[in-house]
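One structure below.
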Amino acid sequence: MDIKLERILSQVQKPGRYTGGEYRQIIKDKSKVAIRIAFCFPDTYEIGMSNLGLRILYGLLNEIEDVWCERVFAPWVDMENQMREAEMSLYGLESGDPLKMFDIVAFSLGYELSFTNVFTMLDLSGISLRADERKEEDPLIIAGGMCCFNPEPLSEFMDLMVIGDGEDMMVDVINQYRQSKNEGQTKNEFLKSACTIGGVYVPSFYDVSYKSDGKIEGISSNMGAMLPVMKRNVDDMDNAYFPVESIMPSIELVHDRVVLELFRGCIRGCRFCQAGYIGRPHRSRSSDILIKQGIEAVSLSGYDELALLSLSTSDYEELLELCDGLLNWCEPRSTSISLPSLRADNFSIELMERIQKVRKSGLTFAPEAGTQRLRDVINKNLTEEDLFESCKIAFQGGWNGVKLYFMLGLPTETDEDVLAIAALAQKVYEIWKEHGKNKNRGVRISISTSCFIPKPHTPFQWEEQISNEEYLRRVYLLRDSLKTKAISYSWHSPQQGRVEAALARGDRRMGDVLETAWQLGARMDSWSECFDYDIWIEAFNRCGIDIDFYAAREREYDEILPWSLVSAGVSQEHFWRERELSRLGTASPNCKEKCANCGVCSVYKKTKSNS
């Protein structure tokens, strides 16, 4: 262990975050490695190690003989301060080598409030933040993940960004990098060749002009770069890489369990849900493959919980067969099965009986809105009867608690919709009083609200976000209407939601705000104890940018949107059509009931052979 690291570990929280050395970490002979990759997750160890995408790419890339992929996580504030004081560089957990020694430094961007952590990690590595200030010998800085579907806020800082599923695409990028390296090409020459790879976005090859009112006037590409860049999909999930042998963490994780990914995409079409739209088309793994993977992963890990995870797990067609196949192995070994993302309209007695065979996990439903009118606006396709019947089944089965998630500030929301959340929760309480199996234990009904954030590549991408003050008014309206102590209420910070909305819909000018906020001390912004709204407002003011221009402004249909540089395959016409239906309070059927002609299937079939 590095002597500097050894000296400072006793001065920080959770030193196990920074030591490496875990069982099944991958160590390679440097003399036999041609390409070294630092896989950077811009949050803490226990968050990053819970991320299935990290585990997939770590295992996949290390299967390439001449590639060594190491993990790097953002240090907590105390560790950052200690590293700066000791003049110590950020390092890969496997080798302990500084990031400057790597060929590629790759960031996984899953949420906007992690952006400033990217700057912390680069700066601690002695790497210039902005791409045009880096030297030829500096590592190639790339990024992928959900936030890259609007790549513009970080476009000045990344050499290259990958749009869509990373498995095949990263292999293609690495193969091209190896070829360019062997031919002695410059970084720019490599980028020229890389931009022809499907799903690759090279920010420096695009020009954006602006109108006097701040809106985008035009976007153009050069160097043969594609416009728009189409996302890449893994189409065959049965043959997609899955890490059955995974690193055993050194400290407890946020999600400390084996995770099985049942499918990607979603059939539902909730109008606020970015993940559902950018994940289209829906692609499943077969139950026999999942049973084999789940048994092998649990047996190799020692975990006693197996989570079945996708955007809407209970929509998996072979779910009961999958549960039965896994339980035949798991039940005798006291290994539980949990389903973190259930819909209240397909929760059944049969499913309940299976998931509580070993132990009961928490039960969570997301009605999102309090009235049927508003649920139709957002296309949730869920009725009160669905929710009440699911709660009745759960309470009769012995559950004494349920969590209900809602959003405040949804388009067309009124006070009546807000008050209906309290009435709905009260009705759930009455159902427990009538049907609860264990009344002597009491009941815990938890409701939580977050502020609606309009996200790119959704029908609500044009919508405004309500003000912080209005969100809190609705919070207090809801809070004061709750009359039963058995119902608890928590709400998310509207200030974090405001910044997230601005970053989510930002353009290239947002880069100055990000860098300024980081220089002013913004760190770990997704953590409420670290987030400082005053820092962000000061950063916007110093840059002469109005946060509400990005967060609170309603867009017109013909406005050029910053994220139109990339495409998830769903047409803008479909998004606008769904927005108009929302204004009429009209729901759309899910993909399996009737095709909505969103365009993704035809586009995907056309581009699949070229990717």
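As the structure is a prediction and not an experimental result, all values here were calculated from the model.
- Considering all non-hydrogen atoms of both residues, L191 and L140 come closest at CD2-CD1, 4.2 Å.
- Residues F452 and F272 place their aromatic rings such that the two centres sit no closer than 6.0 Å.
- The closest donor-acceptor contact from the side chain of R283 to the backbone of P281 lies under 3.5 Å.
- Remark: the S114 side chain and the N117 side chain contain no N/O donor-acceptor pair separated by less than 3.5 Å.
- The main-chain N or O of P153 is never found under 3.5 Å from a side-chain atom of D507 such that the two would form a donor-acceptor pair.
- Q495 and R498 share no side-chain donor-acceptor pair at under 3.5 Å.
- Under the 4.5 Å side-chain criterion, counting only non-hydrogen atoms from C-beta, L374 is not in contact with F406.
- Judged purely by atom type and a 3.5 angstrom limit, D417 has no side-chain atom pairing as donor or acceptor with the backbone of E413.
- Put simply, the side chain of R285 does not reach to within 4.5 Å of the side chain of L262, judged on heavy atoms.
- Rounding to the nearest 0.5 angstrom, the gap separating the CZ atom in F73 from the OH atom in Y45 is 6.5 Å.
- Taking each heavy atom of G585 and D376 in turn, the nearest pair found is O-CB, 3.4 Å.
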Verdict with supporting geometry, I37 and V67, side-chain contact (heavy atoms from CB on, under 4.5 Å): CA-CA 7 Å; I37 302 173; V67 172; 3.7 Å; yes
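- Of the possible polar contacts, one joining the R505 side chain to the A551 backbone as a donor-acceptor pair under 3.5 Å is found.
- For F107 and F41, the distance between ring centers is not under 6.0 angstrom.
- Among residues two or more places apart in sequence or in another chain, the side-chain contact (heavy atoms from CB on, under 4.5 Å) test is passed with S390 by A344, F347, F365.
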Stepwise side chain to side chain donor-acceptor pair (under 3.5 Å) check, W462 with E559: CA-CA 9 Å; W462 292 278; E559 180 176 339; over 6 Å; no
Derivation of the salt bridge (charged side-chain N to carboxylate O under 4.0 Å, His left out) call for R555 and E464: CA-CA 8 Å; R555 277 72 167 161; E464 64 180 313; over 6 Å; no
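- For the pair R579 and F460, the cation does not sit on the ring face, since its NZ or CZ is not both under 6.0 Å from the ring centre and inside 45° of the axis.
- Between the side chain of R271 and the backbone N or O of V377, at least one donor-acceptor pair lies under 3.5 Å.
- Between G265 and L311, the closest heavy-atom pair is O-CD1, 3.8 Å.
- For R508 (side chain) and P203 (main-chain N/O), a donor-acceptor pair under 3.5 Å exists by modelled atom type.
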Full working for side-chain contact (heavy atoms from CB on, under 4.5 Å) between N597 and H574: CA-CA 7 Å; N597 295 314; H574 172 77; 5.9 Å; no
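- We find the CZ-OG distance between F263 and S286 to be 14.5 Å, quoted to the nearest 0.5 Å.
- Of the N and O atoms on the side chains of T412 and R583, not one donor lies less than 3.5 Å from an acceptor on the other residue.
- T196 contributes atom OG1, which lies 6.5 Å from atom CE of M226 (distance to the nearest 0.5 angstrom).
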Test log, rule side chain to side chain donor-acceptor pair (under 3.5 Å), inputs Q274 and T458: CA-CA 6 Å; Q274 183 187 52; T458 70; over 6 Å; no
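- Nearest heavy atom pair, residue A587 against residue N381, reads CB-OD1, 3.7 Å.
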Candidate pair T120 and R523, rule side chain to side chain donor-acceptor pair (under 3.5 Å), full reasoning: CA-CA 8 Å; T120 299; R523 301 288 191 278; 3.3 Å; yes
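- Closest approach of L410 and A369 over heavy atoms only: CD1-CB, 4.2 Å.
- Checked by atom type, the side-chain pair E261/S310 shows no donor-acceptor distance below 3.5 Å.
- Residues N590 and I267 come closest through the heavy atom pair CB-O, 3.1 Å.
- D315 has a carboxylate O that lies under 4.0 Å from a charged side-chain N of R268, or vice versa, which qualifies the two as a salt bridge.
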T383 and D345: CA distance, side-chain angles, deciding distance, side-chain contact (heavy atoms from CB on, under 4.5 Å) verdict: CA-CA 8 Å; T383 66; D345 57 348; over 6 Å; no
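- Checked by atom type and distance alone, the side chain of H492 never pairs as donor or acceptor with a backbone atom of G497 at under 3.5 Å.
- No side-chain heavy atom of E217 sits under 4.5 Å from any side-chain heavy atom of I560.
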Candidate pair I219 and S564, rule side-chain contact (heavy atoms from CB on, under 4.5 Å), full reasoning: CA-CA 9 Å; I219 300 173; S564 59; 3.7 Å; yes
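- Centroid-to-centroid, the aromatic rings of Y206 and Y201 come within less than 6.0 Å.
- A donor atom on one side chain and an acceptor atom on the other are not found under 3.5 Å apart for S588 and N379.
- Side chains of F157 and V118 form no contact here, defined as non-hydrogen atoms less than 4.5 Å apart.
- Looking at L52 and L309, their side chains never come closer than 4.5 Å, going by heavy atoms from C-beta outward.
- No cation-pi contact links R474 to Y471, judged by a cut-off of 6.0 Å to the six-membered ring centre and 45° from its axis.
- In the model, S246 has a side-chain atom that pairs as donor or acceptor with a side-chain atom of R55 under 3.5 Å.
- The number of heavy atoms from other shown groups lying within 6.0 Å of CD (E317) does not exceed 12.
- Looking only at side-chain heavy atoms (C-beta outward), K455 and E500 come within less than 4.5 Å of each other.
- Under the 4.5 Å side-chain criterion, counting only non-hydrogen atoms from C-beta, W536 is in contact with L503.
- In this structure, CG in L387 is found 11.5 Å from CZ in R343, a value given to the nearest 0.5 Å.
- Here I174 contributes atom CD1 and M169 contributes atom CE; the two are 11.5 Å apart, rounded to the nearest 0.5 Å.
- A side-chain donor-acceptor contact under 3.5 Å links Q496 to the backbone of D525.
- If you check the side chains of D43 and W527, you find a donor sitting under 3.5 Å from an acceptor.
- Between the side chains of S448 and W491, no donor N or O sits under 3.5 Å from an acceptor N or O.
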Candidate pair N175 and D172, rule side chain to side chain donor-acceptor pair (under 3.5 Å), full reasoning: CA-CA 5 Å; N175 288 339; D172 289 347; 4.7 Å; no
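- Checked by atom type and distance alone, the side chain of N62 pairs as donor or acceptor with a backbone atom of C69 at under 3.5 Å.
- Side chains of H282 and R264 form no contact here, defined as non-hydrogen atoms less than 4.5 Å apart.
- Listed by first and then second residue, the salt bridge (charged side-chain N to carboxylate O under 4.0 Å, His left out) pairs involving residues 102-111 are D103-K181 (not counting sequence neighbours).
- Atom CG of L61 is separated from atom CD of E70 by 12.5 Å, given to the nearest 0.5 angstrom.
- Side chain of D165 to main chain of E167: no donor-acceptor pair is present (N/O by atom type, distance under 3.5 Å, no hydrogens or angles).
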